[in-house]
2 protein chains.
Amino acid sequence: MKLRKEYTCPLEFIHDILRGKWKTVIMWQIYYRKNPSLSQLQKDIKGISQKILLEQLNELLEYKLVSKEKSLGYPLNVQYYITNDKGMKVIEALKIYQKLGEIYLDELKSISK
Amino acid sequence: MKLRKEYTCPLEFIHDILRGKWKTVIMWQIYYRKNPSLSQLQKDIKGISQKILLEQLNELLEYKLVSKEKSLGYPLNVQYYITNDKGMKVIEALKIYQKLGEIYLDELKSISK
DNA sequence: CGGTATCCTTCGCGATACTG
DNA sequence: CAGTATCGCGAAGGATACCG
């Protein structure tokens with residue numbers, strides 16, 4: 001995700017990091033599933049390819065919103081974590097989005113009845 | 001912004017609405033500036049064109065995150081508002097983003113020293 | 001299982017000009 | 001000042017194949 005030269009406010013910076021189609025869901029699933037592996041994440045997130053998943057995870061690692069740990073030996077295993085400081089701040093915001101999303105979906109249901 | 005067929009979680013729905021490059025800043029500025037006019041918004045948001053601004057505003061109106069009021073007569077004047085229920089929920093989330101953004105920018109400053 | 005490389009497509013966004 | 005119409009580009013993201 002490209003960053004720009006001029007920002008109207010600091011919020012814009014965070015938004016540019018998280019704007020992508022998948023980053024918020026990825027973080028949400030890491031949080032919700034409690035430190036899943038790569039393959040676990042791919043199973044949980046509908047429609048994402050492994051390439052894109054890794055690409056997005058690496059960007060999240062860059063910005064220290066997510067961290068990972070490899071266990072030694074075979075079979076290979078990796079766990080992804082939400083970072084306590086920055087990552088969890090994002091999760092707090094996503095909790096609000098989640099609740100709001102439920103409201104929208106409830107409305108859609110009662111309309112289609 | 002295109003919505004998808006399958007959602008992993010309700011949060012994904014909200015994210016898809018707000019994903020665009022400008023929607024979050026637009027909402028932030030409406031909130032911060034307290035019900036600005038179209039031209040006011042365009043002045044405040046760096047780099048946005050009027051066409052894009054209107055396009056994004058109309059989508060926000062669709063989802064009832066923002067509302068507007070026209071005053072009668074000339075000169076034409078319109079005021080944009082954040083809706084109390086849904087819109088303000090988003091603002092709560094953006095406040096968290098804003099704070100987090102400040103942290104990142106502070107870090108950048110102290111690195112460049 | 002975790003990760004990388006290549007190629008291709010799409011649609012979000014920008015530039016620009018015009019109307020009431 | 002508020003709002004609409006047209007056209008084109010580029011980067012985000014998808015499909016697929018391959019490696020340790």
Side-chain angles (χ1 to χ4, degrees), chain A residues 1-8 12 15-27 29-30 33 35-63 66-81, chain B residues 1-8 12 15-27 29-30 33 35-63 66-81:
Chain A
M1 189 63 58
K2 278 222 169 165
L3 302 180
R4 44 200 127 165
K5 306 153 209 169
E6 276 195 304
Y7 283 97
T8 299
E12 220 172 352
H15 181 69
D16 270 4
I17 296 174
L18 295 174
R19 267 185 71 194
K21 185 171 177 182
W22 299 108
K23 291 212 184 67
T24 54
V25 206
I26 292 171
M27 290 190 67
Q29 287 298 320
I30 293 175
R33 275 289 200 172
N35 319 319
S37 65
L38 185 69
S39 51
Q40 183 63 254
L41 277 175
Q42 205 185 343
K43 274 177 217 153
D44 290 342
I45 300 171
K46 288 171 190 164
I48 197 169
S49 76
Q50 185 176 308
K51 184 216 158 190
I52 298 293
L53 178 54
L54 269 157
E55 208 171 273
Q56 302 300 309
L57 278 169
N58 284 329
E59 287 185 43
L60 291 172
L61 289 167
E62 258 186 63
Y63 289 105
V66 158
S67 64
K68 75 172 174 182
E69 274 184 34
K70 305 179 194 181
S71 62
L72 302 169
Y74 279 89
L76 284 177
N77 193 49
V78 175
Q79 283 193 298
Y80 287 91
Y81 297 83
Chain B
M1 188 66 56
K2 276 222 170 165
L3 301 180
R4 43 199 127 167
K5 306 153 207 166
E6 276 195 305
Y7 284 96
T8 298
E12 219 172 355
H15 182 70
D16 270 4
I17 297 174
L18 296 175
R19 267 186 71 197
K21 186 171 177 182
W22 299 108
K23 291 212 184 66
T24 53
V25 205
I26 292 171
M27 290 190 67
Q29 287 297 323
I30 293 176
R33 275 289 199 173
N35 319 321
S37 65
L38 185 68
S39 51
Q40 184 62 253
L41 277 174
Q42 205 185 343
K43 275 178 217 154
D44 290 342
I45 301 172
K46 288 173 189 162
I48 198 169
S49 75
Q50 186 177 312
K51 184 217 157 189
I52 299 292
L53 177 54
L54 268 158
E55 206 172 274
Q56 302 300 309
L57 278 168
N58 283 329
E59 287 184 43
L60 292 172
L61 289 166
E62 257 186 65
Y63 289 106
V66 159
S67 63
K68 75 172 175 182
E69 274 185 34
K70 305 179 196 181
S71 63
L72 302 170
Y74 280 89
L76 284 177
N77 193 49
V78 176
Q79 283 192 298
Y80 287 91
Y81 296 84

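- Nearest-nucleotide mapping onto DNA chain D: of A:Lys23 and A:Gln50, the residue sitting toward the 5' end is A:Lys23.
- Backbone-only engagement by B:Gln56 is indicated by non-hydrogen atom pairs under 4.0 Å involving sugar-phosphate atoms exclusively.
- The distance between atom OH of A:Tyr80 and atom C1' of C:dG3, rounded to the nearest whole Å, is 9 Å.
- For the pair B:Asn58 CG and D:dG3 C1', the computed distance is 9 Å after rounding to whole Å.
- A heavy-atom distance below 4.5 Å is found between the side chains of A:Val66 and A:Met27.
- Rounding to whole angstrom units, CD of residue A:Gln42 and C1' of C:dG2 are separated by 11 Å.
- Of the candidates C:dG12, D:dA2, C:dC1, D:dA2 carries the atom nearest the B:Asn77 side chain, counting heavy atoms from C-beta on.
- Summarising the geometry, the separation between CD on B:Glu59 and P on C:dC11 is reported as 14 Å, rounded to the nearest angstrom.
- Taking side-chain N and O atoms only, B:Lys21 has no distance below 4.0 Å to OP1 or OP2 of C:dC11.
- Looking at every heavy atom in both residues, A:Gln42 comes nearest to A:Gln50 through NE2-N, 3.4 Å.
- Contact annotation: A:Arg19 side-chain N/O to C:dC13 OP1/OP2 distance is under 4.0 Å.
- Regarding contacts with the backbone of C:dG12, every side-chain N or O of B:Trp22 stays at 4.0 angstrom or more from both OP1 and OP2.
- One can place CD1 of A:Ile48 at 17 Å from P of D:dT16, the figure rounded to the nearest angstrom.
- At a threshold of 4.5 Å between non-hydrogen side-chain atoms, the residues A:Ile26 and A:Ile48 count as touching.
- Per the geometry, CD1 belonging to A:Ile52 stands 18 Å off P belonging to C:dG2, to the nearest Å.
- A:Ser39 comes within contact range of the sugar-phosphate backbone alone, with a heavy-atom separation under 4.0 Å but no base atom that close.
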(Q) Checking A:Leu3 against A:Asp16 for the side chain to side chain contact (heavy atoms under 4.5 Å, CB included) test, could you report, in this order, the C-alpha distance in whole Å, the side-chain angles of both residues, the deciding distance, and whether it holds? (A) CA-CA 6 Å; A:Leu3 302 180; A:Asp16 270 4; 3.7 Å; yes
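- With rounding to whole Å, B:Lys51 atom NZ is found 9 Å from C:dG12 atom C1'.
- Atom pair A:Leu54:CG and D:dC19:P shows a separation of 18 Å (rounding to whole Å applied).
- The two residues B:Trp22 and A:Arg4 come nearest to each other via the heavy atoms CZ3-NH1, 3.4 Å.
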